[in-house]
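What's counted below: heavy atoms across the whole structure, side chains too, no hydrogens, waters or symmetry copies. Naming: A, B, ... by sequence-line order, numbering from 1 per chain. Being a predicted model, the structure only gives us computed values, none of them experimental.
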2 protein chains.
Amino acid sequence: MAKIDIHTLAEVLNISTSTVSRAFRNTNDINPETRKRILEKAAELNYQPNHYASNLREQKSKTIAVIIPELANNYFSQIIQGVEKVAKTAGYHILIFVTDDDIQKEREFMRSLSNGRVDGVVMSASGEATDHSYLNNIESFGFPLILFDRIYEEVGVPKIITDDYNSSYHATQHLIDNGCERIAYLVVNKEQSIGKTRMQGYVDALKKNRIPIRKRLIVDCTNSYEENAVIIEHMIEVNHPDGILASVERLAFSTYQVCQSMKLQIPQDIKIAAFSSLEIASLLNPPLTTIKQPAIKIGEKAASLLLEKLADENPKQTHQEFVLESELMIRDSSLKGSY
Amino acid sequence: MAKIDIHTLAEVLNISTSTVSRAFRNTNDINPETRKRILEKAAELNYQPNHYASNLREQKSKTIAVIIPELANNYFSQIIQGVEKVAKTAGYHILIFVTDDDIQKEREFMRSLSNGRVDGVVMSASGEATDHSYLNNIESFGFPLILFDRIYEEVGVPKIITDDYNSSYHATQHLIDNGCERIAYLVVNKEQSIGKTRMQGYVDALKKNRIPIRKRLIVDCTNSYEENAVIIEHMIEVNHPDGILASVERLAFSTYQVCQSMKLQIPQDIKIAAFSSLEIASLLNPPLTTIKQPAIKIGEKAASLLLEKLADENPKQTHQEFVLESELMIRDSSLKGSY
DNA sequence: TTGTAAGCGTTATCAT
DNA sequence: ATGATAACGCTTACAA
């Protein structure tokens with residue numbers, strides 16, 4: 001181990017700790033020669049300024065937290081990619097927190113982070129649309145927060161969302177245009193921000209087309225593949241939808257599986273469109289029509305906004321809302337007459 | 001902000017800082033009443049012990065680093081899932097470092113972590129099999145390291161790998177059994193641990209079957225989808241393989257795309273098997289035969305090993321190698337007569 | 001059971 | 001350009 005600290009290094013060099021410290025910072029009140037000597041010796045002895053001591057002293061960590069509901073999800077993996085990429089270029093590191101869709105954990109994470117562990121946080125919420133009282137005094141947390149995707153509307157922080165309502169509306173209209181009359185909407189939590197918004201787009205598109213809204217076609221699913229397979233199969237058997245709009249990717253996969261096992265043909269027997277940022281949607285059988293969210297971009301944007309705030313001396317309490325565009329990628333799974 | 005520290009809290013309660021400190025640790029040399037009073041007040045004032053001060057004092061961080069070559073990769077996402085899950089249950093957090101396949105960055109990360117930032121590291125290497133001199137004195141880094149998947153053979157730390165050689169051998173044999181005689185091997189870096197081992201399995205299976213090894217069928221690819229498409233298309237045009245073994249998932253996707261655009265039928269014209277932990281391989285068109293690595297399990301195992309080391313008072317310098325089994329999931333993409 | 005005080009390894013301020 | 005010293009906020013002997 002032989003951990004070497006600034007004192008021993010200073011001693012070896014017959015120099016003071018302050019000078020050593022200076023050598024590592026880009027200040028110019030140090031003799032270039034001296035700096036060179038110090039850095040060389042440091043490399044030789046493998047000295048690294050202690051991160052915790054520095055942070056304690058400087059009151060910042062060059063670290064940002066990413067709080068997300070789950071990790072087993074292509075969408076959030078891509079979010080992390082985006083955040084990581086931007087953070088890295090600014091010399092920041094990322095710390096990952098997964099709430100497992102539990103708002104208690106979310107709150108605990110947020111609270112525990114008030115200890116200065118990170119300089120800021122980007123988060124996709126786990127709670128329901130209105131359930132965020134713990135964030136009432138966001139300033140008191142002592143760090144900037146950026147919300148993305150699953151947001152709490154009333155919290156006064158910058159937010160990044162996609163145009164979920166429109167996307168959902170258009171995807172539904174697209175299914176209708178392709179002959180669907182009984183479209184099911186699959187959702188994990190219809191009370192939560194995105195599940196709710198997407199449902200509204202679906203509902204309004206049906207209304208606009210004078211198609212009755214059937215409660216039984218709005219299906220609450222879970223986070224378990226097995227359970228969802230059962231739920232979806234049952235729903236199909238009982239309600240015979242001719243179209244399906246999946247509010248998250250995973251539900252489309254389950255539907256594909258169910259259709260395979262029920263020997264239902266997509267899109268002949270049932271058409272499908274799904275919110276998804278899957279890159280290989282076109283390789284599926286059949287190619288899946290997706291509402292493609294720019295997940296990586298969302299991550300990048302969230303990180304950029306956060307870094308901006310961190311760079312800003314006295315950041316105003318903005319709560320701007322940034323809307324990124326999703327793209328409806330029409331593929332065979334939703335097309336009439338593509339067979 | 002109004003950050004409150006242990007002193008002010010102590011003052012408010014008319015009590016000493018040590019007592020406050022004790023209230024937060026599970027020690028019993030404190031009056032339960034006092035503790036209760038303290039914790040209540042702390043909650044009220046939203047006091048959180050400063051993480052960096054604690055860490056500095058205790059010389060540990062309850063944080064582990066995950067160093068991986070890339071994030072835009074289903075395999076590594078699953079690794080992170082596994083690590084995160086295990087870490088969380090032990091109260092650890094994870095810090096992510098992405099090297100972009102650059103061994104310089106890997107070395108810098110490792111070096112910088114010697115500053116006590118994390119208690120331990122799990123890593124999948126970015127360098128080539130022999131290129132790890134910087135790890136010669138692993139003890140001097142001052143933290144335990146676990147290597148997984150892309151390992152450096154000679155480094156004396158615990159390693160977790162899958163039975164790549166056998167998997168590759170069997171997958172190749174499987175392609176041969178299904179009538180392939182000109183099997184191409186797609187690899188990103190054939191000098192690197194896994195690319196190399198997997199190639200060996202491929203080569204030996206060919207030899208065993210007295211099929212000549214053709215250099216031109218061993219194809220170096222890159223990390224770019226676009227470039228790979230070009231490379232693979234060119235290779236197919238020139239060398240007319242009737243089978244393909246992809247050493248990483250991404251190369252199989254590119255092959256699917258190329259086949260689509262070249263109007264080649266899988267598996268009729270060309271059969272494919274790939275190393276991949278993709279969960280929806282069976283939904284592809286056609287379903288993709290995979291050598292399915294237990295990515296999440298690998299992550300879990302790596303984390304468990306690390307935590308064991310961390311719990312151990314004086315960990316012996318073990319360098320055990322754990323081999324997890326991959327599973328050959330035979331699907332249509334590699335089958336003769338499944339059409 | 002509680003308090004006092006030293007120290008974890010830095011960096012910033014002030015002197016020199 | 002360099003050095004001495006006092007924080008940063010916490011934990012833990014040791015003392016009471």
*Asks:* If you pin B:N14 and A:V20 to their nearest nucleotides in DNA chain C, which one's is more 5'?
*Replies:* B:N14
*Asks:* From the list D:dG9, C:dT10, D:dA1, which nucleotide is the closest neighbour of the side chain of B:N50?
*Replies:* D:dG9
*Asks:* A:R37 has an atom CZ; how far is it from atom P of D:dA1, in whole Å?
*Replies:* 15 Å
*Asks:* So what does A:Q48 touch, heavy atoms closer than 4.0 Å: a base, only the sugar-phosphate, or nothing?
*Replies:* sugar-phosphate
*Asks:* Does B:Y47 make a side-chain N or O approach to OP1 or OP2 of D:dC10 shorter than 4.0 Å?
*Replies:* yes
*Asks:* Please check the phosphate of C:dT11 (OP1 and OP2 only) for any side-chain N or O of A:S18 closer than 4.0 Å.
*Replies:* no
*Asks:* Return the orientation label for the A:F109 and B:H93 ring planes: parallel under 30°, perpendicular over 60°, tilted otherwise.
*Replies:* perpendicular
*Asks:* Can you tell me how far the OH atom of B:Y47 sits from the CG atom of B:D5, to the nearest 0.5 Å?
*Replies:* 7.5 Å
*Asks:* In whole angstroms, how far is the P atom of C:dT16 from the CD1 atom of A:I15?
*Replies:* 20 Å
*Asks:* Check whether any side-chain N or O of B:T17 sits under 4.0 Å from OP1 or OP2 of C:dG3, and answer yes or no.
*Replies:* no
*Asks:* When you measure from the side chain of B:N50 to the backbone N and O of B:A53, does any donor-acceptor pair fall under 3.5 Å?
*Replies:* yes
*Asks:* For A:D29, report the nucleic acid contact type (base, sugar-phosphate, nothing); a contact means any heavy atom under 4.0 Å.
*Replies:* base
*Asks:* Give a yes-or-no answer on whether the side chains of A:R117 and B:T63 include a donor-acceptor pair shorter than 3.5 Å.
*Replies:* yes
*Asks:* Does D:dG9 have its OP1 or OP2 closer than 4.0 Å to a side-chain nitrogen or oxygen of A:Q59?
*Replies:* yes
*Asks:* Within the pair A:R22 and D:dT2, is there a side-chain N or O less than 4.0 Å away from OP1 or OP2?
*Replies:* no
*Asks:* Using the side chain to side chain donor-acceptor pair (under 3.5 Å) rule, pick out the option among B:R111, B:E106, B:R107 that qualifies with B:Y134.
*Replies:* B:E106
*Asks:* Respond yes when some side-chain nitrogen or oxygen of A:S16 is under 4.0 Å from OP1 or OP2 of D:dG3, and no when none is.
*Replies:* yes
*Asks:* Expressed as a whole number of angstroms, how long is the span from B:I6:CD1 to D:dC8:C1'?
*Replies:* 13 Å
*Asks:* Please determine, for the side chain of B:N31, which listed nucleotide (C:dT11, C:dG9, C:dT1) has the closest atom?
*Replies:* C:dT1
*Asks:* From C:dT11, D:dC8, C:dT1, pick the nucleotide closest to the side chain of A:R57?
*Replies:* C:dT11
*Asks:* Tell me whether the side-chain N/O atoms of B:T19 come closer than 4.0 Å to OP1 or OP2 in C:dT2.
*Replies:* no
*Asks:* Applying a 4.0 Å non-hydrogen cut-off, can you work out what A:N115 is touching in the nucleic acid: base, sugar-phosphate, or nothing?
*Replies:* nothing
